[in-house]
Structure formats: C-alpha cells, structure tokens
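Since we're looking at a predicted model, the values are computed, not measured. For reference, positions follow the sequence shown, starting with 1.
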Amino acid sequence: MAKILVNNSGPLHGEVEISGAKNSVLPLLAATLMTEDVCVIEDVPDLADVSVMKQMLRNYGTDVDDSEAGIIRTSTKEIRSCEGDRDLVQEMRASLFTMGPMLARYGKVVMPMPGGCTIGKRPIDLHLKGFRALGAEVIEDEANEVVTVSAGPEGLVGDAIYLDFPSVGATENILMAATMAKGTTIIENAAKEPEIIDLANLLNKMGARIKSAGTDMIRIEGVERLSGCIHEAIPDRIETGTFMLAAAITRGDILIKNALPGHVRPIVAKLRECNVDIEILPEGIYVDARDRELKATDIKTLPFPGFPTDIQSPFMAFLCTVNGKSFVRETVFENRFMHVVELNRMGADISTENSREAIVPGGRKLHGAKVRATDLRAGAAMVLAGLVATGTTEISEIYHIERGYEDLVGKFKALGADIMKIED
Ligand code: EPZ
C-alpha cells in the first residue's frame with residue numbers, strides 16, 4: 001500500500017504550473033462518443049480517473065490514442081457495446097457522464113448504479129429526470145443495481161427541464177444528450193461551473209448549437225450529427241486553489257502559472273480576508289503569505305460562483321493554523337467532513353455541530369500523525385497540514401489523491417516541500 005510522508009517543510013517558494021482540469025477533461029472525453037470523427041483533447045492530466053474514462057470509451061468501441069503525453073485522440077467509428085462496466089463505474093462516478101453521449105449517439109445505455117462514496121449518497125435522480133424529459137424510457141432495476149435508458153421511437157425530443165439542484169453532472173449529462181435531440185431543450189437552474197462552459201465550447205466546436213452555458217438557463221437547439229474537433233481543456237481551478245493554500249499555510253510565496261483568476265474568485269476573496277497578499281499578474285496568480293499576521297474567516301460552500309466544496313477541506317487545514325475561530329459550513333454534500341477526524345489526530349481540535357457545520361478553533365500547532373486520505377480533496381488537505389506539522393505525517397489511502405492531482409508530490413517537492421511517496 002503506497003503512502004505519502006510529509007515532514008515540516010517551512011515556507012514554500014517558487015512557481016507551479018497548473019494541469020488541465022480533471023472535472024473538465026472527463027466530460028470532454030465522454031462527449032467525443034457522439035461523433036465518428038477524430039477528436040483531439042489537449043492538456044489532459046495524467047490521472048487515474050482519466051485512465052478509467054479511457055477504458056470506459058474503449059469498452060463502448062472508441063479507438064483511444066494516448067501515445068502523446070497530455071493529448072488524447074479518439075474516434076468512435078461504431079458503438080460495439082452500450083453497457084457501462086460495473087467495476088469502472090464503482091471506481092469512478094464520473095463514468096456516468098457517458099450516459100448522455102451514448103443516448104445521443106446510440107439511443108440506449110445500460111449503466112450500473114454508482115455506489116455512494118465517503119462524501120455522500122450521490123444519487124442520480126436529476127440525471128434520470130433529464131433523460132425522461134427528453135422522451136427516454138428509464139428502467140431502474142434496483143435488484144441488479146442497473147439503470148437502462150432508451151431513447152423513444154423517434155429518438156430524443158427536446159423539452160424544458162428544471163434541475164431541483166444545480167447538479168454539475170446532471171447539467172453535463174443532459175446538455176450532451178440534448179445536443180442531438182429533435183427541437184429545443186432548455187435546462188433551468190443549470191450548474192454554472194467553468195467546466196460546463198468548457199464542455200459547451202467543445203460541443204459547439206463539434207457543431208452543436210448551445211447558448212448561454214455558464215448561466216442558470218442553457219438553451220440547446222438539437223442538430224442531426226456532430227463532427228470532430230480539437231480542444232484544449234481549461235486549467236484545474238481546484239488544483240489552483242490547493243497551491244494557493246500551500247503558500248498560505250506555509251507562510252511562503254508561490255507563483256501559480258496557467259491559472260485562470262476568474263475561476264477562483266471566492267478563494268482569492270477568502271484568502272484576502274485572511275490577510276494573504278494575492279496579486280493577479282500576466283504570468284499567473286502570485287500568493288504571498290510571508291511575514292504577515294494572518295486572520296481567521298468563515299467559509300460556506302455553494303455551487304459556482306459560490307465557494308467551491310472541493311476546496312473546503314484544504315481550506316480547513318489552513319484555518320487550523322491561523323489565530324482565531326472559524327466556522328465552516330458544507331452545503332453541497334451531506335458528509336464531507338471525514339477529514340475532521342484526521343486533522344484532529346494532528347491536534348486541530350475541530351468540533352462539528354453536525355455533518356454540515358464545523359468550528360475550527362485555530363491557533364493550533366499541528367503535530368505529525370498517521371492519517372488517511374478520506375477523499376480526493378481531503379488527501380490534499382492532509383498534505384497541506386503535514387507541511388506545517390511538527391515531525392512526520394504519514395498519509396495512507398493515497399489512491400484518492402492520485403485520482404485527481406497530477407504529480408502532486410513532484411510539484412510540492414519543486415516548491416521546497418520535504419515530501420515523498422513510499423511503497424509499503
Ligand atoms: C462534480 O460532481 C465534481 N466531479 C465534484 O468533484 C464536485 O465536488 C461536484 O461536482 C460539486 O461541484 C466531477 O465533475 C467529475 P453534483 P457531481 O451532481 O456532478 C446532489 C472532486 O473532488 N445530486 O453537482 O457528482 C448530490 O448528492 C469531485 O473532483 C442529487 O441529489 O456533483 C450532491 O449533494 C468530488 N441528485 C449535490 O447534488 C443528482 O441527480 C452536488 O452534486 C445529482 C446530484
């Protein structure tokens with residue numbers, strides 16, 4: 001079992017280059033199922049989740065060429081199977097994002113139900129509500145934990161769909177299915193994350209007719225077919241936030257290159273409230289926390305453009321090290337405080353009112369401990385805490401981290417961190 005060891009590293013300093021966004025690349029790759037033509041996706045990070053998506057596509061019949069680093073070329077001449085692989089779906093929930101494209105291209109998809117995960121039940125009712133609104137028949141086989149979705153006799157037909165929650169995945173799945181439905185589809189209360197806009201940009205390059213992605217009402221005029229394209233994924237705003245917090249928690253200074261400031265406004269705002277100096281420069285985002293008295297602040301996670309839930313745990317690790325009490329509210333997932341137990345092993349003294357509210361007393365001198373990465377982002381939070389804890393922090397279950405951060409250990413080492421990966 002591989003682990004990450006982190007020693008107290010002092011202030012980090014230097015430059016880091018942000019990789020392509022995991023949460024953009026996954027739907028982008030899924031969308032390429034909808035055309036026989038060659039698609040080229042660029043700035044693809046080398047992640048476990050990307051490997052799972054490549055395998056999902058290959059199982060459906062896609063030729064995937066990943067011979068050139070950072071670039072994936074796909075062509076789906078024909079669909080050979082419409083069944084999602086259970087193991088792959090269990091391994092990565094985002095495998096679900098192939099449902100919309102398969103419905104649009106092939107008219108049918110059989111998908112094992114994804115289990116919940118540590119952060120919540122993660123139902124797919126809104127995805128299925130959208131498919132039904134487009135005229136598809138949805139059969140949920142609880143016994144076999146499989147859902148079969150089939151387009152109606154005349155294919156998918158556009159309609160108005162209201163999302164009870166601005167779900168990122170449901171917005172993306174419905175958006176992709178609607179691109180080749182007959183007539184007009186309106187998605188109301190749609191998710192507004194930058195990854196939605198990136199996906200819409202790819203689809204429009206392929207010949208789709210999508211308007212106002214990035215707002216809470218997206219309009220799609222269905223088209224007969226989609227063609228190939230070349231598209232570069234947006235940089236990863238969550239990785240960007242993680243390295244901003246690395247500068248803040250170690251009281252160092254880091255220039256974060258290839259980052260888009262417009263995608264991380266809440267993180268910039270909150271770190272500035274803590275008296276961290278942040279400059280938006282042409283070459284990137286410069287975060288400077290040297291020789292400054294930092295302050296506590298409160299955070300409340302919300303769908304974009306609110307404070308991102310994926311940065312909640314790394315930010316909480318940082319709040320442990322500033323003087324003053326902070327309140328953290330998690331409104332997006334029902335169980336995303338698993339990292340509290342792990343931070344408390346390091347002396348954080350965090351108390352949770354329930355699974356949605358935590359009180360961080362702050363001003364704590366963290367000490368090294370054996371901790372677990374309880375989810376992808378909590379793993380990053382443990383690395384951050386380990387950088388400033390006295391002694392050594394040993395992080396297990398690091399497969400979570402490797403799902404979503406490209407070469408995290410290497411990038412931290414280059415900034416002066418005393419960190420290494422070991423095989424137990
Ligand atoms: C995406 O997950 C991201 N994953 C998550 O990032 C991110 O945390 C999340 O959006 C919120 O921003 C990818 O893009 C691959 P949701 P997704 O549907 O689409 C409820 C990471 O660390 N819901 O917006 O699954 C759901 O239970 C990962 O990179 C329903 O009730 O998130 C949750 O409480 C973690 N019914 C809330 O909505 C549904 O049909 C938000 O989920 C769908 C969702």
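To the nearest 0.5 Å, the span separating OG on S326 from CD on E273 amounts to 10.5 Å. C320 SG to I249 CD1: the interatomic distance, rounded to the nearest 0.5 Å, is 7.0 Å. To the nearest 0.5 Å, atom OG1 of residue T240 and atom CD1 of residue I267 are 7.5 Å apart. Here the CG-CG distance, from N189 to D216, works out to 6.5 Å after rounding to the nearest 0.5 Å. Residue L134 holds its CG atom at 5.0 Å from OG1 of T185, rounded to the nearest 0.5 Å.
In I230, the CD1 atom is not crowded: 12 or fewer heavy atoms of neighbouring residues, nucleotides or ligands sit closer than 6.0 Å. No more than 12 heavy atoms of other residues, nucleotides or ligands sit less than 6.0 Å from atom CZ of R265. Taking a 6.0 Å sphere around NZ of K300, one finds it holds 12 or fewer heavy atoms contributed by other residues, nucleotides or ligands. The environment of H367 atom NE2 is dense: over 12 non-hydrogen atoms of other residues, nucleotides or ligands sit within 6.0 angstrom. Summarising the local packing, NZ of K365 is surrounded by more than 12 heavy atoms from other residues, nucleotides or ligands at distances under 6.0 Å. Enclosure of atom CG in N354 by more than 12 non-hydrogen atoms of other residues, nucleotides or ligands within 6.0 angstrom is indicated.
Proximity of I218 to T171: side-chain heavy atoms (C-beta onward) are separated by under 4.5 Å at one or more points. V264 has its side chain within reach of I285: a pair of non-hydrogen atoms, C-beta onward, lies under 4.5 Å apart. A 4.5 Å side-chain heavy-atom check between D277 and R292 finds at least one atom pair inside the cut-off. At least one side-chain heavy atom of M316 sits less than 4.5 Å from a side-chain heavy atom of L343. Y405 has its side chain within reach of I238: a pair of non-hydrogen atoms, C-beta onward, lies under 4.5 Å apart. Contact annotation: the side chain of L33 never approaches that of M176 to less than 4.5 Å [non-hydrogen atoms, C-beta and beyond].
In terms of heavy atoms, A136 sits closest to L156 at CB-CD2, 4.1 Å. Here the closest heavy-atom approach between residue V383 and residue I401 is recorded as CG2-CD1, 4.3 Å. Closest heavy-atom contact between F412 and A246: CE2-CB, 3.5 Å. A pairwise comparison of heavy atoms in S75 and V38 identifies CB-CG2, 4.0 Å as the closest pair. Here the closest heavy-atom approach between residue I220 and residue A178 is recorded as CG2-O, 3.6 Å. C229 approaches M206 most closely through the heavy-atom pair SG-CG, 3.7 Å.
For the 3.5 Å distance criterion, the side chains of H127 and N173 qualify, holding a donor opposite an acceptor. Counting only N and O atoms by type, the side chains of T98 and Y60 include a donor and acceptor under 3.5 Å apart. Side-chain contact of T392 with N7: a donor-acceptor pair under 3.5 Å is present, judged by distance alone. For the residue pair E195/S24, the side-chain donor-acceptor check at 3.5 Å is not satisfied. With no hydrogens or angles considered, a side-chain donor-acceptor pair links H231 and D198 at under 3.5 Å. Between K411 and S19, the side chains place a donor N or O and an acceptor N or O closer than 3.5 Å (distance only, hydrogens not considered). There is a side-chain donor-acceptor pair under 3.5 Å between T309 and E330. No side-chain N or O of H263 forms a donor-acceptor pair with one of E193 less than 3.5 Å apart. Between the side chains of N201 and N204, no donor N or O sits under 3.5 Å from an acceptor N or O. Donor-acceptor pairing under 3.5 Å is lacking for the side chains of T242 and R377.
Of the possible polar contacts, none joining the T62 side chain to the V64 backbone as a donor-acceptor pair under 3.5 Å is found. At distances below 3.5 Å, not a single donor-acceptor pair connects side-chain atoms of N144 with backbone N or O atoms of V146. A side-chain donor-acceptor contact under 3.5 Å links S9 to the backbone of D418. A donor-acceptor contact shorter than 3.5 Å is absent between the side chain of R336 and the backbone of Q312. E140 places no side-chain N or O within donor-acceptor distance of the main-chain N or O of V147, the cut-off being under 3.5 Å.
For R237 and E239, the salt-bridge test fails: no basic side-chain N is under 4.0 Å from an acidic carboxylate O. A salt bridge is defined here as a Lys NZ or Arg NE, NH1 or NH2 lying under 4.0 Å from an Asp or Glu carboxylate O, and K129 with D164 meets this definition. Between D66 and R58, at least one side-chain N (NZ, or NE/NH1/NH2) sits under 4.0 Å from a carboxylate O, which counts as a salt bridge.
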| message | Pair R251, T321 - check side-chain hydrogen bond (donor to acceptor under 3.5 Å, both in side chains), show working. | response | CA-CA 10 Å; R251 307 315 189 253; T321 69; 3.2 Å; yes
| request: Evaluate the side-chain contact (heavy atoms from CB on, under 4.5 Å) criterion for residues K370 and R345: first the C-alpha distance (whole Å), next the side-chain angles of each, then the deciding distance (0.1 Å), finally the verdict. | output: CA-CA 8 Å; K370 291 189 175 184; R345 279 187 225 283; 5.9 Å; no
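The one candidate from K3, K421, K22 that meets the salt bridge (charged side-chain N to carboxylate O under 4.0 Å, His left out) condition with E402 is K421.
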